[in-house]
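Below: the structure, in structure tokens.
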Amino acid sequence: MTAPLIDPFARAITYLRVSVTDRCDFRCVYCMSENMTFLPKKDLLTLEELDRLCSTFIRLGVEKLRITGGEPLVRRGIMTFFQAMSRHLDTGALKELTLTTNGSQLVKYANDLYAAGVRRVNISLDTLDEQKFADVTRWGRLPQVLKGIDAAQNAGLRVKINAVALKGFNEQELPAITRWCAERDMDLTWIEVMPMGEDIGNMERIGQYWSLKDVRAEYENHYTVTDLAERTGGPARYVRLEETGQKIGFITPLSHNFCESCNRVRVTCTGEIYTCLGQEGKADLRAPLRANEEGAGVLEAAIRAAIGDKPRGHDFDYSRQDVGGKMSRHMSHTGG
Ligand code: SAM
Ligand code: SF4
């Protein structure tokens, strides 16, 4: 029997998020600068390396795999990777294969994703206003994403909408977005904007930090809000709107700290493992992956060593950290 991945605080690591590219066809203001320099191809893990990496984690007890980016669906050949991962669903070792996407490529790929065993997708969408969508994503076009959402639902994928809460941007749209999700039977999760990257100035043009405490208060003005006990091992908390029966999620990495139940690690598209989204600590898995084509021993040892260093918790806190305390890496790097 292979020993499971348990960190120093007795947390079992069962959830892996893997970024498969740093590239994207959008340039969301809170995520990327307009002129991004992307990594040279040789630095990226190949699809074969991604397969070996994920398969090793699954052998060590990872049951849920989320593919992210950048925009995962712009990575060339990515469907081959999804198809390869579906073998772990077939054996039952992997319980869920899923992705986070901006939705732009779903018209093309929704059916293939379903065929590879994906059953749920998170689609990021902050506004239903075409002009505002173009403003916040810079390069994105709303109709294309809406068609992608249709394609996902028609393919049988369950859709969750992720919206970044931005004061002065989508504040007024909260009831409309909520109603739209209810009508289409989609879950909705609000994400508190995180101080990532050096380009925070980009955001100020569009909107500002909107505390999810205030988002919740806004719901309470319109609905009867009941807390739900559901936990996913991450920073999301859920409520039910009694009038519609809708479940609404809140991801609050900043104003709360739920690290005690953290079950996840992240790997970047270059093979760096981050065991905590809010800490700089990382370890390289690419060298062990490349050194170790014939067996999994070196890679497994590197993974175990990284998990052995997983910190107790993160340090995001607007009240305790000034601008200098923000994380210097972009979400597109660690994969959100
Ligand atoms: N491109 C895909 C997408 O947009 O869904 C996947 C990668 S994206 C980095 C993952 C998630 O991170 C998206 O929901 C995005 O809105 C969110 N995100 C990006 N930058 C953020 C920030 N600074 N604060 C909070 N959420 C952020
Ligand atoms: Fe691209 Fe997603 Fe970042 Fe927007 S949030 S720029 S869609 S990676």
Side-chain angles (χ1 to χ4, degrees), residues 17-36 38-39 66-75 78 98-106 109 113 120-127 132-142 144-145 148-149 152 159-167 169-170 177 186-204 206-212 215 234-236 249-255 264 266-269 274 277-278 314 316 318 323 326-336:
R17 298 168 75 113
V18 179
S19 172
V20 295
T21 179
D22 60 333
R23 286 163 202 258
C24 188
D25 51 346
F26 292 3
R27 291 288 181 279
C28 301
V29 292
Y30 44 70
C31 179
M32 291 193 184
S33 59
E34 193 147 20
N35 303 305
M36 292 290 288
F38 293 111
L39 296 161
R66 177 176 296 280
I67 306 306
T68 178
E71 173 48 42
L73 297 181
V74 303
R75 170 93 195 237
I78 195 63
T98 186
L99 70 154
T100 302
T101 172
N102 65 24
S104 70
Q105 307 301 313
L106 281 173
Y109 291 133
L113 287 168
R120 301 195 300 161
V121 283
N122 288 0
I123 303 179
S124 305
L125 183 125
D126 305 333
T127 174
K132 282 162 86 178
F133 188 87
D135 290 344
V136 74
T137 62
R138 291 204 192 93
W139 293 7
R141 294 296 166 258
L142 182 63
Q144 184 184 354
V145 172
I149 294 173
V159 173
K160 186 176 83 164
I161 298 295
N162 281 345
V164 173
L166 291 168
K167 207 180 186 69
F169 178 74
N170 52 14
I177 294 175
M186 301 185 298
D187 294 324
L188 171 62
T189 291
W190 292 91
I191 307 176
E192 208 162 63
V193 76
M194 288 189 267
M196 289 281 186
E198 322 75 51
D199 301 300
I200 300 302
N202 282 325
M203 236 186 70
E204 282 162 7
I206 294 283
Q208 301 152 17
Y209 174 72
W210 183 17
S211 151
L212 293 194
V215 178
F250 298 103
I251 299 185
T252 53
L254 298 169
S255 49
R264 61 199 56 197
R266 293 173 166 76
V267 176
T268 69
C269 55
Y274 284 87
L277 185 59
H314 61 58
F316 275 139
Y318 277 116
V323 183
K326 71 182 188 282
M327 299 305 298
S328 59
R329 63 185 189 265
H330 287 243
M331 285 287 267
S332 56
H333 187 61
T334 32

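Read the numbers this way: they start at 1 and go in the same order the structure lists the ligands and their atoms. For the single chain, residues carry numbers from 1 onward in sequence order.
Interface of Phe26 with ligand 2, defined as ligand atoms under 4.0 Å from a residue heavy atom, comprises 6 (S), 7 (S). Listed by number with element, the atoms of ligand 1 under 4.0 Å from a non-hydrogen atom of Val193 are 24 (N), 25 (C). In summary, the atoms of ligand 1 found under 4.0 Å from a heavy atom of Glu192, numbered by their order in the structure, are 25 (C). The atoms of ligand 1 that sit less than 4.0 Å from any heavy atom of Ile191 are 14 (O), 25 (C), 26 (N).
Contact annotation: the side chain of Arg66 approaches that of Asn122 to within less than 4.5 Å [non-hydrogen atoms, C-beta and beyond]. The closest side-chain heavy-atom distance from Glu34 to Trp139 is below 4.5 Å. The shortest side-chain heavy-atom distance between Tyr274 and Thr268 falls under the 4.5 Å cut-off. Contact check for Thr137 versus Leu142: no side-chain heavy atoms found under the 4.5 Å cut-off. Phe26 places none of its side-chain heavy atoms less than 4.5 Å from the side chain of Arg138.
Remark: distances from the non-hydrogen atoms of Gly70 to ligand 2 include one below 4.0 Å. In this structure, Gly70 is part of the shell of residues with a heavy atom less than 4.0 angstrom from ligand 1.
No donor-acceptor contact under 3.5 angstrom links the side chains of Thr21 and Glu71, judged on distance only.
Of the candidates Ser104, Ser33, Cys24, Ser19, Cys24 brings a heavy atom nearest to atom 2 (Fe) of ligand 2.
Checking only distances, Asp126 never comes within under 3.5 Å of ligand 1, N or O to N or O. Residue Asn122 has no N or O atom closer than 3.5 Å to an N or O atom of ligand 1. Between Thr101 and ligand 1, an N or O atom pair is found at a separation short of 3.5 Å. At a 3.5 angstrom cut-off on N or O pairs, Cys31 does not count as close to ligand 1.
Of all the heavy atoms of Ile123, none lies under 4.0 Å from any atom of ligand 1, so neither backbone nor side chain is involved. Of the heavy atoms in Thr68, only side-chain atoms (C-beta onward) come closer than 4.0 Å to ligand 1. Under 4.0 Å from ligand 1, the heavy atoms of Val164 that appear belong solely to its side chain.
Taking CG of Asn170 as the reference point, atom CG of Asp126 lies at 6.0 Å (rounded to 0.5 Å). Atom OG1 of residue Thr189 and atom CD1 of residue Ile251 lie 5.5 Å apart, to the nearest 0.5 angstrom.
Of all the heavy atoms in Leu106 and Gly148, the pair that sits closest is CB-O, 3.4 Å.
Side-chain N or O atoms of Gln144 include one that pairs as donor or acceptor with a backbone N or O of Ser104 at under 3.5 Å.
For a distance bound of 2.8 Å, the N, O or S atoms of Cys31 include none lying that close to atom 4 (Fe) of ligand 2.
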